[in-house]
Amino acid sequence: MNYWLMKSESDAFSIDDLKAMPNKTEHWDGIRNYQARNMMRDDMKKGDLVFFYHSNAKTIGIVGIAKVANEAYPDFTAFDPDTKYFDPKSDPDNPRWFMVDIKFVRKLKRTITLNELKQHSDALADMPLLRKGNRLSIMPVSEAHWSFILDLE
DNA sequence: GCCAACGTTGGC
DNA sequence: GCCAACGTTGGC
């Protein structure tokens with residue numbers, strides 16, 4: 001089993017939005033970064049657990065836990081000129097972009113903020129999230145980091 | 001293949 | 001709203 005962290009702008013799609021979806025499940029569309037795509041397409045397996053992270057928010061940090069409900073399939077928003085995620089270079093016969101389905105598991109009792117995570121830079125030293133300038137919206141989380149962070153809750 | 005210009009992310 | 005970081009694009 002693998003662990004992940006996925007960022008979402010809370011104004012655009014929050015943990016509460018995920019919880020409110022039918023079956024508490026939503027497809028994670030709009031990933032247009034190759035590194036993030038590769039992880040989704042190649043490494044995210046059904047049942048993997050995900051930290052749900054709010055970026056560009058009043059309170060920035062990990063707010064809940066979700067799980068991978070369906071493994072990668074083509075991101076159909078890339079084929080639709082009416083969506084902001086349209087990419088004419090993504091051919092339905094050879095899709096460029098993929099997405100997974102994410103299901104709500106639970107909210108954390110409190111938000112574990114980015115600021116707080118930074119204060120544990122010893123334990124979390126090699127966590128990509130804490131690297132300056134990191135812009136990856138999906139990243140792997142080691143089992144050790146996953147447990148450590150949950151213990152902060 | 002290099003690199004300047006440009007666009008986006010995301011913390012502050 | 002600002003701006004640092006960084007990925008992508010496209011001319012050469």
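Throughout, protein chains are lettered first and strands after them, A, B, ... in sequence-line order, and every chain is numbered starting at 1.
For S55(A) and R135(A), the side-chain atoms include no donor-acceptor pair closer than 3.5 Å. Checked by atom type, the side-chain pair D126(A)/H145(A) shows a donor-acceptor distance below 3.5 Å. Inspection of the Y34(A) and R96(A) side chains reveals an N or O donor paired with an N or O acceptor under 3.5 Å. Looking only at atom types and distance, the side chain of Y85(A) has no donor-acceptor partner in the side chain of D80(A) under 3.5 Å away.
Put simply, the side chain of L130(A) reaches to within 4.5 Å of the side chain of K118(A), judged on heavy atoms.
Look at NZ on K89(A): it is 13 Å from C1' on dG7(C), rounded to the nearest Å. For the pair I31(A) CD1 and dG7(C) P, the interatomic distance rounds to 15 Å; values are reported in whole Å. With rounding to whole Å, R131(A) atom CZ is found 11 Å from dG7(C) atom P. When rounded to the nearest whole Å, the span between NZ of K58(A) and C1' of dG1(C) equals 17 Å.
What you find for M1(A) and L49(A) is that their closest heavy atoms are SD-N, 4.0 Å.
A donor-acceptor pair under 3.5 Å is absent between the side-chain atoms of H27(A) and the main chain of D75(A), judged by distance alone.
When the C1' atoms of four end pairs are superposed on the next four at each end of the helix from dG1(B)-dC12(C) to dC12(B)-dG1(C), using five pairs per end, the two resulting axes differ in direction by 10°, to 10°.
Under the 30°/60° scheme for interplanar angles, the aromatic rings of W28(A) and F52(A) are found to stand perpendicular.
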Report each atom pair, protein N/O against N/O of nucleotides 8-12 of chain B, whose distance is under 3.5 angstrom.
residue	atom	partner	partner atom	Å
dT8(B)	O2	R135(A)	NH2	3.3
dG10(B)	OP1	K7(A)	NZ	3.1
dG10(B)	OP1	R135(A)	O	3.0
dG11(B)	OP1	Y53(A)	OH	2.7
dG11(B)	OP2	N56(A)	N	3.2
dG11(B)	N7	N56(A)	OD1	3.3
dC12(B)	OP1	K118(A)	NZ	2.5

